[in-house]
Number of protein chains: 4
Amino acid sequence: MASSESSARLPQIIEAAAQCFQERGYLAATLNDIATSVQLQKPTLYHYVKNKNELLFLVLQGTVETYNHALEEVSASSLNPTAKLRRAISQHISLQLEHPGTVTLFRDVEELEKPYRNEIRLALKRYRELLQAIVREGIAQGEFANRDPSMTALFILGAINFVHRWYRPHGPQSILEIAQFYGDSLLMTLRGVDPPV
Amino acid sequence: MASSESSARLPQIIEAAAQCFQERGYLAATLNDIATSVQLQKPTLYHYVKNKNELLFLVLQGTVETYNHALEEVSASSLNPTAKLRRAISQHISLQLEHPGTVTLFRDVEELEKPYRNEIRLALKRYRELLQAIVREGIAQGEFANRDPSMTALFILGAINFVHRWYRPHGPQSILEIAQFYGDSLLMTLRGVDPPV
Amino acid sequence: MASSESSARLPQIIEAAAQCFQERGYLAATLNDIATSVQLQKPTLYHYVKNKNELLFLVLQGTVETYNHALEEVSASSLNPTAKLRRAISQHISLQLEHPGTVTLFRDVEELEKPYRNEIRLALKRYRELLQAIVREGIAQGEFANRDPSMTALFILGAINFVHRWYRPHGPQSILEIAQFYGDSLLMTLRGVDPPV
Amino acid sequence: MASSESSARLPQIIEAAAQCFQERGYLAATLNDIATSVQLQKPTLYHYVKNKNELLFLVLQGTVETYNHALEEVSASSLNPTAKLRRAISQHISLQLEHPGTVTLFRDVEELEKPYRNEIRLALKRYRELLQAIVREGIAQGEFANRDPSMTALFILGAINFVHRWYRPHGPQSILEIAQFYGDSLLMTLRGVDPPV
DNA sequence: AATGAATGAGCCTTCATTCAT
DNA sequence: AATGAATGAAGGCTCATTCAT
């Protein structure tokens with residue numbers, strides 16, 4: 001009996017979709033590709049999903065959830081702001097390079113149809129706010145310089161979101177080293193006092 | 001009579017394409033959209049361009065050139081590294097928010113076919129190297145701390161490339177303020193000495 | 001326990017099908033619609049019916065039977081031809097506006113596959129012939145003018161079959177008034193003389 | 001040069017569509033059938049038509065127009081009501097048996113999408129009203145008995161619309177004979193007196 | 001009896017591209 | 001230079017139907 005493997009088809013499909021979307025982009029990826037990669041026929045996907053667009057939604061939903069859960073855990077921890085930020089950065093970079101939905105999340109959100117898009121955007125906003133809260137906490141406790149927390153959060157996000165664009169699995173830097181470098185760099189910015197000339 | 005205006009048809013087409021690609025993405029944009037927006041019929045585009053893909057290439061080529069020219073000028077100037085970096089950052093952000101090809105450049109390079117893609121990638125590499133050179137110069141002259149120049153350049157690029165994702169024309173920060181903030185932030189990172197705990 | 005209700009499943013299905021076919025047409029109606037409206041799943045229908053087409057057949061079969069039974073009763077009665085025709089017309093119109101399979105019978109017979117179609121056509125022919133027989137009887141007894149009984153029957157059928165296309169439940173005329181009007185009109189034609197009382 | 005034949009592709013397509021719709025019904029007919037029957041490929045149809053639904057609209061529009069023009073001409077003529085009605089009936093039946101869009105008009109109007117449907121329904125209403133006007137005129141001039149003109153018009157329409165359901169090109173009655181029979185029958189009804197000569 | 005899973009067939013539609021004019 | 005006509009390729013989606021459970 002193949003009951004043990006057939007038990008969770010939808011997650012498999014979502015993962016396959018994430019892979020396809022990541023490799024070729026949402027628009028270029030075809031339902032055929034996705035179906036084939038889970039050994040199904042195209043129409044069978046419609047037993048699990050209403051739409052190609054819903055498939056995108058499910059991929060992105062799972063992905064943001066993963067990111068948000070991770071960041072929430074850090075936020076709720078008893079670490080000091082500096083340590084929280086280091087962990088947040090490190091986690092974010094690791095997830096980015098390992099979670100197959102990441103690229104799609106950064107690139108294809110705009111392809112989501114109305115109600116889906118709003119939900120994902122909300123989740124993304126939540127992530128930014130969690131990050132911002134850590135920044136604020138650091139400022140309040142005197143660990144970080146008193147600069148615009150909103151722009152600071154966006155500055156951090158930009159820097160770390162870019163890693164997947166140049167990271168190569170067997171390149172000169174390990175994920176750990178990258179995380180260390182980015183942590184150092186961003187903390188210097190955050191602690192920095194007088195703006196240099 | 002009309003020869004003087006018709007001679008500039010290709011640039012118009014490229015600009016229209018840049019607009020369409022930026023708004024809807026390379027794949028979603030149709031030749032029809034582009035043709036219509038320059039008051040031509042779809043097949044007429046083939047008198048100016050071999051391909052939809054070549055059109056993408058031309059858009060991206062023009063865009064990287066603009067970026068590279070701007071950065072080369074800064075590099076060749078007699079400013080000190082700190083000032084050069086400030087200018088580079090400022091220029092980059094301004095261009096990004098004003099040049100219509102930027103988003104396409106960041107998002108759709110992968111859609112380019114082989115020979116085109118290589119050329120654009122080369123140009124992008126050139127841009128990174130120019131930036132890296134400034135970093136190296138700053139380290140050599142003692143203005144910047146001695147940290148990996150390659151990763152530093154990528155760090156900078158990530159941070160500043162992200163601006164267009166959240167900038168809103170009538171938002172709370174002006175382009176100038178953003179440039180100032182990013183310049184400050186990045187210079188703090190670059191000058192920073194002791195790695196924070 | 002539940003055997004008494006489950007034994008009547010097929011009639012329920014046929015009725016649901018009649019409803020769906022009437023509202024959306026045979027081709028547009030889906031097995032899913034039908035199944036759902038009797039709280040079953042699509043494949044379950046195949047326990048009761050061989051085919052979507054058989055379902056159509058069953059709907060139409062039940063419908064023509066109803067019509068034929070009603071007309072046979074009238075034919076067999078001891079009324080005079082004039083009275084028979086009045087009753088036939090009245091019944092036909094009432095059935096048409098109340099029996100859910102009627103529209104499908106008029107519109108979708110052609111969708112029936114070969115053997116089914118023939119059977120239904122035969123039943124429809126029987127109905128025409130019963131009507132024709134009344135006409136003939138009326139001519140023989142001098143109540144109706146001597147005109148082609150076949151065309152006369154078709155003339156009658158056309159007139160009364162059209163009622164459902166314009167009748168509105170809360171419109172200006174009641175079913176009774178309509179039946180009266182059509183009875184008067186057709187009898188005038190048949191008698192070829194003054195309008196009957 | 002084949003310029004003389006290629007001049008009017010759209011009318012050809014509409015006619016082919018009318019044929020296909022009539023034979024198989026709007027839903028069952030495929031764009032492929034239609035395209036093939038005018039020796040085109042399926043996508044080529046989209047140069048001439050926005051939609052399959054628009055194609056249906058064009059077919060029906062042409063058809064109602066034909067009917068309405070014919071009836072308007074009769075209405076505007078100087079014939080007396082009785083003669084007008086005879087002509088109207090005769091024309092209607094002829095058109096019905098010859099114009100390929102008729103069956104589709106009677107059966108598939110409901111498949112039209114919103115704005116199209118309204119337009120066709122309006123045209124159909126116009127036809128009914130023209131017919132009704134003749135009835136009214138006849139009553140006013142004492143040629144017809146004084147009975148509900150609206151129901152009378154619907155009675156007439158039902159009777160004559162049914163002809164195409166039983167007419168066979170080489171059947172026992174010619175179109176002319178049928179028209180004569182229906183004219184006689186309906187006038188008897190309308191006059192409520194002896195059969196006309 | 002009932003159904004979740006799966007699919008083959010097929011349809012409408014879009015679009016980049018070609019070609020004759 | 002410009003375009004109307006035409007098309008090949010392909011994609012998303014629907015649905016009746018089958019089958020194992």
Side-chain angles (χ1 to χ4, degrees), chain A residues 1-3 6-7 9-10 13 27-35 38-55, chain B residues 2-3 6-7 9-10 26-35 38-56, chain C residues 2-3 5-7 9-10 26-35 38-55, chain D residues 1-3 6-7 9-10 13 27-35 38-55:
Chain A
M1 310 283 179
S3 64
S6 76
S7 60
R9 239 353 191 276
L10 180 56
I13 291 172
L27 286 174
T30 76
L31 289 186
N32 225 334
D33 297 339
I34 296 168
V38 284
Q39 263 152 327
L40 287 176
Q41 298 295 350
K42 207 188 341 176
T44 308
L45 296 180
Y46 286 83
H47 276 275
Y48 299 92
V49 170
K50 207 191 71 199
N51 245 343
K52 187 187 181 188
N53 209 254
E54 187 180 86
L55 208 40
Chain B
S3 64
S6 78
S7 65
R9 236 7 183 306
L10 181 57
Y26 172 69
L27 285 173
T30 75
L31 289 186
N32 221 336
D33 295 339
I34 296 167
V38 286
Q39 265 151 328
L40 287 176
Q41 297 299 331
K42 208 186 345 175
T44 309
L45 296 181
Y46 287 84
H47 283 279
Y48 298 93
V49 173
K50 206 192 74 196
N51 241 341
K52 187 187 181 186
N53 209 254
E54 186 180 84
L55 206 40
L56 174 59
Chain C
S3 64
E5 18 179 21
S6 78
S7 65
R9 236 4 183 309
L10 180 56
Y26 171 70
L27 285 173
T30 75
L31 288 187
N32 223 336
D33 296 339
I34 296 167
V38 286
Q39 264 150 330
L40 287 177
Q41 297 298 331
K42 208 188 341 176
T44 308
L45 297 180
Y46 286 83
H47 282 281
Y48 298 92
V49 173
K50 206 192 72 196
N51 242 342
K52 188 187 182 188
N53 209 254
E54 186 181 84
L55 206 40
Chain D
M1 310 282 179
S3 65
S6 76
S7 59
R9 238 355 191 273
L10 180 57
I13 291 173
L27 287 173
T30 76
L31 289 187
N32 224 334
D33 297 339
I34 296 168
V38 284
Q39 263 153 328
L40 287 177
Q41 297 295 350
K42 207 186 342 176
T44 308
L45 297 180
Y46 286 83
H47 275 277
Y48 298 93
V49 170
K50 208 192 70 197
N51 245 344
K52 188 187 181 187
N53 209 254
E54 187 179 87
L55 207 40

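Chain A is the first sequence line, chain B the second, and so forth, proteins listed ahead of strands; every chain is numbered from 1.
- How far CG of Leu31(B) is from CD1 of Ile34(B): 5.5 Å, rounded to the nearest 0.5 Å.
- The nearest whole Å value for the distance from the NE2 atom in His47(D) to the C1' atom in dC19(E) is 12 Å.
- Between the CG atom of Leu10(B) and the C1' atom of dA2(F) there is a distance of 16 Å, given to the nearest Å.
- In plain terms, the two heavy atoms of Gln39(D) and Arg9(D) that are nearest each other are O-NH2, 4.4 Å.
- Distance CD (Gln41(A)) to C1' (dT7(E)): 6 Å, rounded to an integer number of Å.
- We find that CG of Leu45(D) is positioned 13 Å from P of dC11(E), with the value rounded to whole Å.
- Where pairing requires Watson-Crick or G-U contacts shorter than 3.5 Å, the helical stems of DNA chain E with at least three consecutive pairs are E:2-21 with F:2-21.
- OP1 or OP2 of dT7(E) sits under 4.0 Å from a side-chain N or O of Thr44(A).
- The separation between Tyr48(C) atom OH and dT3(E) atom C1' is 12 Å, rounded to whole Å.
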Sugar-phosphate or base contact per nucleotide [nucleotides 9-14 of chain F; S, B, -; heavy atom under 4.0 Å]: B-SBBB
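- Phosphate proximity of dG4(F) to Arg9(D): absent, as no side-chain N or O sits under 4.0 Å from OP1 or OP2.
- Whole-Å rounding puts the Ile34(C) CD1 to dT17(F) P distance at 11 Å.
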Under 3.5 Å, sequence neighbours excluded: what are the donor-acceptor pairs made by side chains of residues 40-52 of chain D?
| from | atom 1 | to | atom 2 | distance (Å) |
| --- | --- | --- | --- | --- |
| Thr44(D) | OG1 | Gln41(D) | O | 3.3 |
| Lys52(D) | NZ | Tyr26(D) | O | 2.9 |
| Lys52(D) | NZ | Ala29(D) | O | 2.8 |

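- Regarding Glu54(B), its CD atom lies at a distance of 11 Å from the P atom of dT17(E), rounded to whole Å.
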